[in-house]
Every structure is written in C-alpha cells, then in structure tokens.
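Throughout, protein chains are lettered first and strands after them, A, B, ... in sequence-line order, and every chain is numbered starting at 1.
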Protein chains: 2
Amino acid sequence: MRELDRIDRGILNILQEDASTPLREIAERVHSSVATCQRRIEKLRADGVLVKAVALVDRALAGRPLTVFVSVELEKQNTDILKQFEHRMRSEPEVMSCYEVAGEFDFHLIVTVESMEEYSAFTRRVFTSHHNVINVKSLFAMNCSKFETKLTL
Amino acid sequence: MRELDRIDRGILNILQEDASTPLREIAERVHSSVATCQRRIEKLRADGVLVKAVALVDRALAGRPLTVFVSVELEKQNTDILKQFEHRMRSEPEVMSCYEVAGEFDFHLIVTVESMEEYSAFTRRVFTSHHNVINVKSLFAMNCSKFETKLTL
DNA sequence: GATGAAAATCAGAATGT
DNA sequence: ACATTCTGATTTTCATC
C-alpha cells in the first residue's frame with residue numbers, strides 16, 4: 001500500500017466533499033500547485049485509491065425511504081454457498097451493502113426499499129431456503145441521524 | 001414530493017454511477033436534449049433530490065480497512081439524551097452512519113477505523129456512561145462483498 | 001409552459017514547451 | 001511555471017409543440 005502524504009490526504013478530503021472542486025481551488029487549499037494536484041489525482045486514480053465520482057441522491061425524495069438492517073444466517077458455510085450468496089446480493093438493487101461478519105450470523109446487509117410491501121416481496125424472493133438461508137433478522141431504521149461517505153484522512 | 005419521470009430517473013441513474021458524465025452523453029442515453037437534461041438536473045438539485053457529487057475512496061487503500069457495526073443502548077430514551085447522542089455521532093469522523101432503530105438497541109452505527117487499537121480508543125472515548133451509554137455490541141466485518149451508493153430508479 | 005436546436009461566451013482541464 | 005488548445009458548462013435566443 002502507498003503512503004499518503006499531507007497533499008494526498010488534503011486532495012482526498014476535498015474531493016470526497018465535492019468531486020467537482022476546480023484544480024485551482026484544490027491547489028490553494030492544500031498549499032500546492034495545480035500541476036502537482038493534477039498529477040497526484042491521476043496517480044490516486046491509477047492506484048485505485050480514488051475509485052470514482054458519483055452523485056448522491058436523497059433516499060426519501062427519490063422514493064426509497066425505508067432502510068433495513070438485515071442479518072442473514074446460511075445453512076452451511078462452505079465457500080461455494082458463501083460465494084453464491086454474495087453474488088446474488090451483488091445483483092440485487094435493493095441491497096446497498098453486504099458484509100461478511102463473524103458471530104451468530106454470516107452476513108449483514110443494508111437494504112433500501114420503497115415500502116414495507118416491497119421489503120416483504122424482497123425477502124420472499126431472496127431469503128429462501130433455496131438460497132440456503134436458514135435465519136433472517138430484520139431491523140428497521142426509524143431515522144437516519146448521519147449518512148457519510150467521506151473518510152476524513 | 002415530486003414525481004420523477006423516465007428522464008429524471010435516467011439522469012439520476014447515470015449521475016449516480018459517474019457524476020462527471022457530459023450532458024451530451026446524458027442527453028443521448030435518456031433520449032432527450034442537452035437543454036432539457038440541464039434544466040432537469042438544475043431542478044433536481046433545487047428540489048434536494050440531487051444532494052451533491054462526491055469522490056469515493058477505497059477504504060482499505062486509504063488506511064481505514066476496518067468496518068464495525070455497532071449497536072448502542074442508551075440509559076433513558078428521553079428526547080434530550082437521544083438528540084445529544086445523535087449530535088455527538090455527527091461530530092465523530094469514524095462514524096460513517098448512525099440510525100435510530102427499534103428493538104433491543106437504540107442506535108445502529110457503522111464505524112470505520114484504521115485498526116483494533118483505534119477502535120478500542122474510539123469506544124472508550126465515545127461510549128461512556130457519561131454519554132448515557134449502557135450497552136454496546138460491536139460486530140466486525142470480515143469482508144465487504146458489496147458497497148453501493150446508487151439507488152437504481 | 002415545457003421542449004429542442006443552435007450559437008455565443010466562459011471556466012477549467014489537458015497539453016506542450 | 002507558463003501559454004496554448006480543447007472540452008464541456010453556461011447562457012441566451014428562437015422556433016415548436
């Protein structure tokens with residue numbers, strides 16, 4: 001892994017807040033030159049540190065007000081079944097994140113849906129014994145106090 | 001709330017994947033004109049549907065490889081204590097998300113840190129009885145199979 | 001009133017020395 | 001570090017539906 005210096009970290013902090021910040025402004029704020037910042041950004045991209053620039057939308061206004069934390073236990077944890085499950089989750093648009101965890105459950109998901117009805121349909125479609133799911137626990141978010149994509153570096 | 005038509009949804013889908021997609025390309029892909037797409041984007045921004053454009057960073061490469069799911073129970077759930085806790089979480093850079101939930105715990109957090117040592121320090125600093133925290137459950141992610149910011153509309 | 005096409009202008013990125 | 005070139009956003013206008 002690369003070491004990120006003060007300039008790299010400054011650039012990443014700025015771009016994580018506003019991906020369209022002009023190079024001139026970035027250079028000023030990290031006390032460097034436009035050319036240097038340009039080279040650094042290119043390198044950060046090439047190294048995979050900077051993944052991409054995306055627009056964030058308001059989940060409620062975009063019609064997906066419901067966030068659900070889902071814990072999933074699979075029948076047997078052999079590699080094949082885990083891989084299959086992960087692959088399936090990647091293909092489901094309602095699934096925003098999927099993490100493998102240790103403990104009682106095998107996976108933790110974050111799912112966003114339009115309504116309870118849609119969530120019900122989602123679970124029936126995805127969490128079947130056919131997909132080796134033996135236990136599911138759903139926890140509904142009542143309120144989002146914070147949602148941040150920025151890693152402060 | 002506004003109704004999003006085919007063009008709005010198309011625009012949002014495109015910008016959620018690449019915020020720097022040229023208007024010309026957006027117009028092509030949603031089968032509309034540059035002028036219309038521009039007007040729509042401006043309106044989506046004004047209405048708060050489009051929140052902002054950000055750069056996404058690889059968490060591991062940026063030195064924050066550890067993701068922890070934290071469940072927190074507070075001493076008494078009166079409004080003031082909840083508000084205080086939310087405010088505190090908003091100010092902590094390690095806390096990526098904070099959701100109020102129903103059930104055994106009061107809040108679910110997603111926390112990213114550089115190491116176990118840092119997580120230990122974080123919990124000791126933040127989850128004290130002084131902050132009315134009476135119960136904390138930490139669950140460490142072993143692997144991230146999916147991390148998506150896009151709402152497919 | 002919303003749309004699409006075109007043109008002029010401006011800002012910023014990319015390039016070359 | 002500077003100047004040039006190029007790309008795309010912005011703004012305006014106009015005709016149309």
Side-chain angles (χ1 to χ4, degrees), chain A residues 1-64 114 147-153, chain B residues 1-59 61-63 148-153:
Chain A
M1 193 175 75
R2 269 183 70 221
E3 259 325 302
L4 303 174
D5 67 6
R6 185 187 55 77
I7 294 178
D8 290 322
R9 288 196 304 272
I11 290 171
L12 292 174
N13 284 337
I14 292 168
L15 290 181
Q16 283 184 103
E17 280 181 343
D18 181 359
S20 59
T21 313
L23 281 170
R24 177 190 40 72
E25 187 186 329
I26 297 174
E28 270 175 33
R29 288 170 58 185
V30 303
H31 308 293
S32 182
S33 74
V34 169
T36 297
C37 290
Q38 200 167 356
R39 275 188 287 263
R40 294 299 187 100
I41 290 170
E42 207 166 334
K43 188 152 176 42
L44 288 165
R45 240 194 292 266
D47 291 349
V49 180
L50 267 172
V51 180
K52 58 178 175 177
V54 302
L56 299 183
V57 309
D58 184 292
R59 292 180 178 194
L61 293 181
R64 300 271 282 277
E114 189 263 338
F147 180 82
E148 187 60 71
T149 55
K150 180 188 180 191
L151 299 181
T152 306
L153 299 174
Chain B
M1 193 175 74
R2 268 184 70 222
E3 259 325 301
L4 304 174
D5 68 5
R6 185 187 54 79
I7 293 178
D8 290 321
R9 289 195 305 271
I11 290 171
L12 292 173
N13 285 336
I14 292 168
L15 290 180
Q16 283 184 104
E17 281 182 342
D18 182 359
S20 59
T21 311
L23 281 171
R24 176 189 39 73
E25 187 186 328
I26 297 174
E28 271 176 33
R29 288 171 57 187
V30 303
H31 307 293
S32 182
S33 74
V34 169
T36 295
C37 289
Q38 195 172 321
R39 278 189 280 257
R40 294 298 187 99
I41 290 170
E42 207 166 334
K43 189 152 176 43
L44 288 165
R45 243 194 292 267
D47 291 349
V49 181
L50 265 172
V51 180
K52 58 178 174 175
V54 302
L56 298 182
V57 159
D58 183 292
R59 294 181 179 192
L61 293 180
E148 188 60 69
T149 55
K150 181 188 178 190
L151 298 182
T152 306
L153 299 173

Seminar exercise, completed: Residues passing the side chain to side chain donor-acceptor pair (under 3.5 Å) test with A:Thr152, sequence neighbours excluded, are none
Problem set entry | Partners meeting side chain to side chain donor-acceptor pair (under 3.5 Å) with B:Glu17 (sequence neighbours left out) | B:Lys150
Exercise. Does A:Leu50 reach the side chain of A:Ile41, with side-chain heavy atoms less than 4.5 Å apart?
Worked result: yes
Exercise. Counting distance only, does the side-chain N/O of B:Arg6 pair as donor-acceptor with the main-chain N or O of B:Val30 below 3.5 Å?
Worked result: yes
Problem set entry | All side chain to side chain donor-acceptor pair (under 3.5 Å) counterparts of A:Asp8, not counting sequence neighbours | A:Arg2, A:Arg40
For this session: Run the salt-bridge test on A:Asp47 and A:Lys43 with the 4.0 Å N-O cut-off and return the result as yes or no.
Result: yes
For this session: Kindly write out the residues that satisfy side chain to side chain donor-acceptor pair (under 3.5 Å) with A:Thr21, not counting sequence neighbours, or none if the list is empty.
Result: none
Problem set entry | Neighbours of DNA chain C within residues 21-43 of chain B, by heavy-atom distance under 4.0 Å | B:Ser32, B:Ser33, B:Thr36, B:Arg39, B:Arg40
For this session: Using chain B heavy atoms and a threshold of under 4.0 Å, write down where along DNA chain C the contacts begin and end, 5' to 3'.
Result: C:dT3 to C:dA5
